[in-house]
Amino acid sequence: MSQPVKLMGMVDPHVHLRDMEWAHKATFASETAAALAGGYWAVFDMPNTPPNTFTRAALDQKLATFQAGAVCDWGVYFGASRQGNWAEYPQVMADTCGLKMYNNPTTGNLFITDPSIREQHYQAWHGVIAVHAEEDVIPTVLELVRKYRRWTHFCHISSAAEMAYLIEAKREGLPISIGVTPHHLYLSQDDLPQLGSRGLMKPELKTPADCRALWQAVSDGWVDVIESDHAPHTLTEKMSDRPPYGVPGLETTLPLMGLALHEGRISLVQVVALLTTGSQRIFKITPPPDTYTLVDFDDSYIIESQNLRTACGWSPFEDWRVYGRVLEVWIRGQKVFDGERVLVSNGFGQRVICG
Ligand code: NCD
Ligand code: ZN
């Protein structure tokens with residue numbers, strides 16, 4: 001067998017885990033187990049799964065539910081509300097990994113269009129701000145970055161035009177980072193006839209030319225993080241007349257990056273940055289001692305839904321041949337995953353303290 005690679009503290013800074021009001025889809029226990037199987041040390045959870053994390057009370061409920069259920073380490077975002085919930089910020093900032101602001105339509109109708117409301121959120125929040133901003137909304141958010149200098153992470157960039165705006169902003173020296181998902185890299189509108197509603201997510205799949213532009217930006221080093229945007233929905237829901245947006249990704253992100261490595265699209269040094277140090281730098285976090293993942297990037301296998309741990313039990317990458325088997329995951333000196341089984345009980349995971 002080839003030499004395993006040691007990845008120090010893999011982080012996925014963009015997941016939508018389910019529990020509480022959406023426990024029929026999945027739980028923090030099931031999805032953090034999927035995270036371990038995907039090689040992750042820690043995942044950062046978005047605020048838009050009900051009950052939405054827009055108030056202190058909802059945050060407390062989520063923190064307690066994570067504390068009881070999670071098997072990997074975790075962080076949670078606070079959500080910027082349409083009405084303006086900045087009065088809460090001083091009391092919640094220390095317990096979160098960042099603020100999430102939606103500026104385009106997504107699940108749950110949480111997006112903000114009023115420029116003065118956006119601006120007040122920017123004024124009030126002092127940590128990392130993760131934004132959902134598509135196409136021509138990006139320059140308006142960049143105006144706020146220019147004015148307030150808050151570190152802004154642009155989530156799931158999915159088109160050539162969006163990437164061009166952000167490369168320009170990086171050249172200007174603005175404090176921003178860029179996240180891209182594996183599905184926007186590997187899948188396009190051309191796959192929709194075959195994928196059906198399993199290819200529906202926000203932002204939506206774009207053209208093959210957009211995919212090429214995203215790969216170019218990854219290989220040129222403009223992209224900071226590959227984030228899964230893991231958003232599991234049951235297959236029954238996805239097959240219904242009104243399918244919800246979202247696809248799972250925690251268990252396929254690492255081996256899809258392994259595939260990119262195998263195909264010569266990116267180097268191992270880039271894989272490491274995209275899955276570990278990129279997020280660590282943005283969120284100012286240090287993995288605990290003896291926290292790492294052993295991966296065999298030469299081992300290839302086929303993605304099969306029956307082998308997935310996510311409660312939704314399907315993947316848009318089903319039947320794909322990928323590279324990179326997770327051999328072991330260690331957290332705080334404890335082996336937590338042995339390649340087949342999760343070895344710790346619910347509640348082992350701890351909250352990640354961001355700097
Ligand atoms: C997300 C989900 O289902 O939680 N879906 C998605 O397509 N990314 C929510 C969202 O739209 O952000
Ligand atoms: Zn998302």
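From a predicted model like this one, the values you see are computed outputs, not experimental measurements. Read the numbers this way: they start at 1 and go in the same order the structure lists the ligands and their atoms.
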Note to self: Heavy-atom pairs closer than 4.0 Å: do any link ligand 1 to the side chain of V247, the backbone, both, or neither?
What the structure shows: neither

Item checked: Part of H16 within contact of ligand 1 (heavy atoms, under 4.0 Å) -> side chain

Notebook entry, point to check: Hey, does K25 sit under 4.0 Å from ligand 1 if you only count heavy atoms?
Noted result: no

Next item on the list: Consider ligand 1: state whether an atom of it lies below 4.0 angstrom from any non-hydrogen atom of H233.
Entry: yes

Margin query: Under 3.5 Å, is there a donor on one side chain and an acceptor on the other for S177 and H153?
Written below: yes

Notebook entry, point to check: Looking at F54, does the NZ or CZ of R82 lie under 6.0 angstrom from its six-membered ring centre and within 45 degrees of the ring axis?
Noted result: no

Next item on the list: Assess R325 against Y301: is NZ or CZ under 6.0 Å from the centre of the six-membered ring, and within 45 degrees of the ring's axis?
Entry: yes

Next item on the list: Give the residue, atom name and distance (to 0.1 Å) of the protein heavy atom nearest atom 5 (N) of ligand 1.
Entry: Y245 O, 3.2 Å

Notebook entry, point to check: In terms of residue, atom name and distance, what is the protein heavy atom nearest to atom 7 (O) of ligand 1?
Noted result: K202 N, 2.9 Å

Check: Should you measure from each heavy atom of A231, which atoms of ligand 1 turn up under 4.0 Å away?
Finding: 1 (C), 2 (C), 3 (O), 4 (O), 5 (N)

Check: Looking at the Zn ion (ligand 2), which N/O/S atom of D229 is the nearest one?
Finding: OD1

Margin query: Salt bridge check, E172 against K170: does any charged N sit closer than 4.0 Å to a carboxylate O?
Written below: no

Check: Can you tell me the angle formed at the Zn ion (ligand 2) by NE2 of H14 and NE2 of H16, to 10°?
Finding: 110°

